[in-house]
Amino acid sequence: MSNNNTNLDRKSPDTGCRKRKIKYSSSPRNQAGKRKEEYGISQSNRDYNRSRNQRSNRNKNLNEDRNGEEERFGKRESNKFSRNLCEKNENQAAYFKRKDGRDEYEKNSYNQSENASECDRYLSRNDSEFHTRQSDVVCVQKEPVDLLTSRTGGAYLPPAKLRMMQAQITDKSSAAYQRIAWEALRKSIHGHINKVNSGNIAIIVRELLKENIVRGRGLLCRSTIEAQAASPAFTHVYAALVAVINSKFPIIGDLLLRRLVIQFRRGLKRDDKTICISAATFVAHLVNQRVAHEIVALEILTLLVESPTDDSVEIAIAFLKECGMKLIEVSKKGMDAMFEIVRHILNEGQLDKRVQYMTEVIFQVRKDKFRGHEAVMKELDLVEEQDQFTHLITLDDAKDSEDILNVFKFDAEYEANEDKYSSLRKEILDEGSSNSESGSGSEEESESEESRDDAIIDKTETNLMALRKTIYLMIRSSLDFEVCAHRLMRMKLKPGEETKLCYMFLDCCAQQRTYEKFYGLLAQRFCQMNKIFIPPFQQIFRDTYDTIHRLDIIKLRNVAKFFAHLLFTDAISWEVLSFIHLNEKETTSSSRIFIKILFLELSECMGLNKLNGRMKDPAPVMDTNNDGLEYTG
């Protein structure tokens with residue numbers, strides 16, 4: 001081998017692989033490079049072998065651990081070793097969290113002395129026993145929650161459950177019993193209001209009167225207003241319902257009218273056209289039903305047109321369509337002035353085109369005499385004018401809506417108030433005591449059923465309306481009072497219908513433009529033919545004097561002359577004048593006018609001397625010349 005060039009053909013001591021031949025020069029630089037290269041190759045081989053040996057040792061240890069686990073737990077469980085290790089840590093943390101919660105509950109529990117030993121017993125167990133044997137844990141019951149006061153408005157309870165809860169309470173004066181009764185009253189009123197229509201209104205009124213609507217008048221008004229706002233097409237039905245209830249309980253009609261006026265003013269202030277139209281429509285139908293006075297309607301119209309806008313004029317037109325017929329009937333001059341203002345607004349041309357078309361339509365409706373916009377439908381005219389109570393409430397008077405009546409309030413005199421309403425309800429609905437007692441035989445039960453069938457009362461007043469119609473046609477078709485009396489006496493009147501006949505005489509007389517002597521002579525003939533008609537006329541005199549302020553001047557004059565004729569002819573007793581007390585406190589302007597016209601008519605018929613002598617007579621008696629004449633024709 002030469003000194004200059006050396007062929008290296010050697011095997012690696014580590015790998016045993018043959019290296020490629022490298023030629024190096026014999027210079028010092030080449031020899032240093034050769035040593036450096038040889039050192040780097042050997043170092044890299046050693047690092048590679050070390051890392052490979054470490055990997056092999058690690059895999060060997062893992063295999064040994066896996067084999068050991070398979071021997072201890074089985075092959076299937078060995079695959080879950082790593083997952084169970086994590087779950088063990090999580091379960092341990094959750095266990096300590098539950099333990100802290102149980103310690104906190106132990107401090108706040110009501111029966112700490114009784115539950116302390118049990119908590120110590122199951123807290124001392126390990127985690128697996130705590131999860132597997134949960135039956136040993138004492139379940140502490142929560143404090144019972146009042147379902148009616150758990151949240152605002154109360155939770156929903158079925159009616160059967162309410163009755164069951166109410167039956168379990170023995171003390172009827174307690175707050176719990178009153179709250180359950182209040183919830184039952186609220187559900188009943190809301191259900192009846194949602195079911196009312198023109199066909200079943202008589203049935204719904206009867207069902208509502210069975211409930212204590214005096215106590216729940218706030219609920220009744222709120223449900224009625226909400227139902228009307230949801231169904232504006234049935235406004236006339238809700239107004240008829242309110243009219244019937246108002247004739248029995250005027251306080252309910254007053255509360256409803258005040259709430260509607262307040263709602264209208266609030267909607268007008270907020271520029272809420274929907275609320276304004278809804279409230280104004282309801283007020284218009286109440287005016288039609290004679291529940292609200294026409295002054296309220298005129299004030300609403302004046303407020304809407306005094307500063308006209310598109311929305312205010314639209315509301316005024318909708319209001320006029322609903323109650324225009326009634327307002328023209330009772331206040332024609334006021335309506336003429338209102339239409340002139342609307343015409344002036346239309347001529348200014350500042351309204352939107354759509355509102356201008358609506359204004360032109362209302363003038364056409366007025367020209368057609370509001371045909372198609374009838375004030376009161378025939379099937380909904382359920383209350384006589386003399387029985388209805390009209391409320392005179394202005395826009396400024398309605399201030400307190402009494403919203404406190406919508407929520408439950410404890411009543412210290414609950415039982416006494418319920419008894420009062422129960423007696424009042426029986427008087428209104430003519431409810432008698434049951435004819436059969438408990439434990440009676442089948443014969444007594446059958447007799448009581450027969451008696452109840454015979455005592456059926458027509459609450460729809462269909463028979464009464466037919467009777468009044470028959471009497472009116474006979475009166476209008478008779479030539480003189482004698483023929484009319486003859487035809488009317490041939491009618492077979494049922495017991496109690498004599499009073500209806502007497503009222504019909506007075507109503508027909510009051511409706512005339514001037515007093516007609518025909519009606520006075522007719523009433524005189526009936527009183528002289530049969531004494532059974534005298535007490536009804538005397539009672540009608542007292543009732544008319546009490547409500548004389550409801551009549552206008554024409555009706556007042558006709559009624560005064562009617563009773564003056566009966567007194568002059570001694571058809572009724574002069575003792576009815578003892579009902580009149582001439583003093584400032586017990587008389588009104590209407591009653592004083594009535595007394596004036598009555599005595600003026602008596603002085604013209606009798607003369608002042610005879611009238612003075614009759615008034616000074618200590619014991620006035622009736623002229624008995626024609627008493628006892630029973631009609632047999």
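With hydrogens and angles ignored, the 3.5 Å screen pairs a side-chain donor or acceptor of Thr224 with a backbone N or O of Leu220. Between the side chain of Thr302 and the backbone N or O of Leu298 there is at least one donor-acceptor pair closer than 3.5 Å. With hydrogens and angles ignored, the 3.5 Å screen pairs a side-chain donor or acceptor of Arg217 with a backbone N or O of Val214. Here the side chain of Arg222 pairs no donor or acceptor atom with the backbone of Leu405 at under 3.5 angstrom. Counting only distance, with no hydrogens or angles, the side chain of Gln356 and the backbone of Leu351 share a donor-acceptor pair below 3.5 Å. No side-chain donor-acceptor contact under 3.5 Å links Tyr357 to the backbone of Asp352. Although no hydrogens or angles enter the test, the distance criterion places a donor-acceptor pair under 3.5 Å between the side chain of Thr235 and the main chain of Pro232. In this structure, the side chain of Arg259 engages the main chain of Ser401 through a donor-acceptor pair within 3.5 Å. A distance-only check finds no donor-acceptor pair linking the side chain of Asn194 to the backbone of Gly191 [under 3.5 Å]. Of the possible polar contacts, one joining the Ser223 side chain to the Leu219 backbone as a donor-acceptor pair under 3.5 Å is found.
Across all non-hydrogen atoms, the minimal contact from Glu322 to Ala284 is CB-CB, 3.7 Å. In this structure, Ala239 and Gln289 approach most closely via the heavy-atom pair O-CG, 3.9 Å. Of all non-hydrogen atoms in Thr390 and Ala292, the two that sit nearest each other are CG2-C, 3.8 Å. Between Ile317 and Val355 the shortest heavy-atom distance is CD1-O, 4.3 Å. Pairing each heavy atom of Ala297 with each of Val287, the nearest pair is CB-CG2, 4.2 Å. Here the shortest heavy-atom pairing between Ser590 and Leu556 reads O-CD1, 3.5 Å.
Residues that satisfy the side chain to side chain contact (heavy atoms under 4.5 Å, CB included) test with Lys248, not counting sequence neighbours, are Ile428. In this structure, the side-chain hydrogen bond (donor to acceptor under 3.5 Å, both in side chains) partners of Thr309, at least two apart in sequence or on a different chain, are Ser312. For Phe505, the ring-ring contact (aromatic ring centres under 6.0 Å, His included) criterion is met by Phe526, not counting sequence neighbours. Residues satisfying the side-chain hydrogen bond (donor to acceptor under 3.5 Å, both in side chains) test with His236, not counting sequence neighbours, are none. Looking at residues two or more places apart in sequence or on another chain, you find a side chain to side chain contact (heavy atoms under 4.5 Å, CB included) between Ile277 and Lys273, Thr281, Ile315. The side-chain hydrogen bond (donor to acceptor under 3.5 Å, both in side chains) check on Glu348 picks up His344, with sequence neighbours excluded. Residues satisfying the side-chain hydrogen bond (donor to acceptor under 3.5 Å, both in side chains) test with Arg592, not counting sequence neighbours, are Thr587. Qualifying side chain to side chain contact (heavy atoms under 4.5 Å, CB included) partners for Pro250, counting only residues two or more places apart in sequence or in other chains: Asn246, Phe389, His391. Residues passing the salt bridge (Lys or Arg N to Asp or Glu O under 4.0 Å) test with Glu402, sequence neighbours excluded: Arg258. Tyr519 pairs by the ring-ring contact (aromatic ring centres under 6.0 Å, His included) definition with nothing, not counting sequence neighbours.
Residue Tyr472 places its OH atom among 12 or fewer non-hydrogen atoms of other residues, nucleotides or ligands, all under 6.0 Å distant. Counting non-hydrogen atoms of neighbouring residues, nucleotides and ligands closer than 6.0 angstrom, the CD atom of Glu413 reaches no more than 12 such neighbours. Counting heavy atoms of neighbouring residues, nucleotides and ligands inside a 6.0 Å radius, atom CD1 of Ile553 exceeds 12 of them. Annotation for Phe249: atom CZ counts as buried by contact number, over 12 foreign heavy atoms lying within 6.0 Å.
Note: Phe562 and Phe537 have tilted aromatic rings, judged against thresholds of 30 and 60 degrees for the angle between ring planes. Taking the six-membered ring where the residue is Trp, Phe594 and Phe541 present tilted rings, their angle falling between 30° and 60°.
Between Glu385 and Lys555 there is a salt bridge, with a side-chain nitrogen of the basic residue lying less than 4.0 Å from a carboxylate oxygen of the acidic one. Classification of Arg215 and Asp411 as a salt-bridged pair fails, no side-chain N sitting under 4.0 Å from a carboxylate O.
Note: Leu268 CG to Cys276 SG = 4.5 Å, rounded to the nearest 0.5 Å. Distance CG/Leu380 to CD1/Ile201: 5.5 Å, rounded to 0.5 Å. In this structure, CZ in Arg290 is found 5.5 Å from CG in Asp381, a value given to the nearest 0.5 Å. Here the straight-line distance linking atom CG of Leu551 with atom CG of Asn558 works out to 10.0 Å at 0.5 Å rounding. Remark: Glu299 CD to Leu301 CG distance equals 10.5 Å, nearest 0.5 Å. With values rounded to the nearest 0.5 angstrom, Leu256 atom CG is found 12.5 Å from Ile251 atom CD1.
Sorted by first and then second residue, the ring-ring contact (aromatic ring centres under 6.0 Å, His included) pairs with a member in residues 252-303 form an empty list; sequence neighbours excluded.
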Donor-acceptor pairs under 3.5 angstrom involving side-chain atoms of residues 361-373: please list them, not counting sequence neighbours.
from: Arg366; atom 1: NH2; to: Asp336; atom 2: OD1; distance (Å): 2.8

Evaluation steps, side-chain hydrogen bond (donor to acceptor under 3.5 Å, both in side chains), between Thr394 and Asp396: CA-CA 5 Å; Thr394 61; Asp396 297 331; 5.4 Å; no
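Using modelled atom types and a 3.5 Å distance limit, the side chains of Glu418 and Asn212 yield a donor-acceptor pair. Looking at Ser198 and Glu379, their side chains never bring a donor and an acceptor atom within 3.5 Å of each other.
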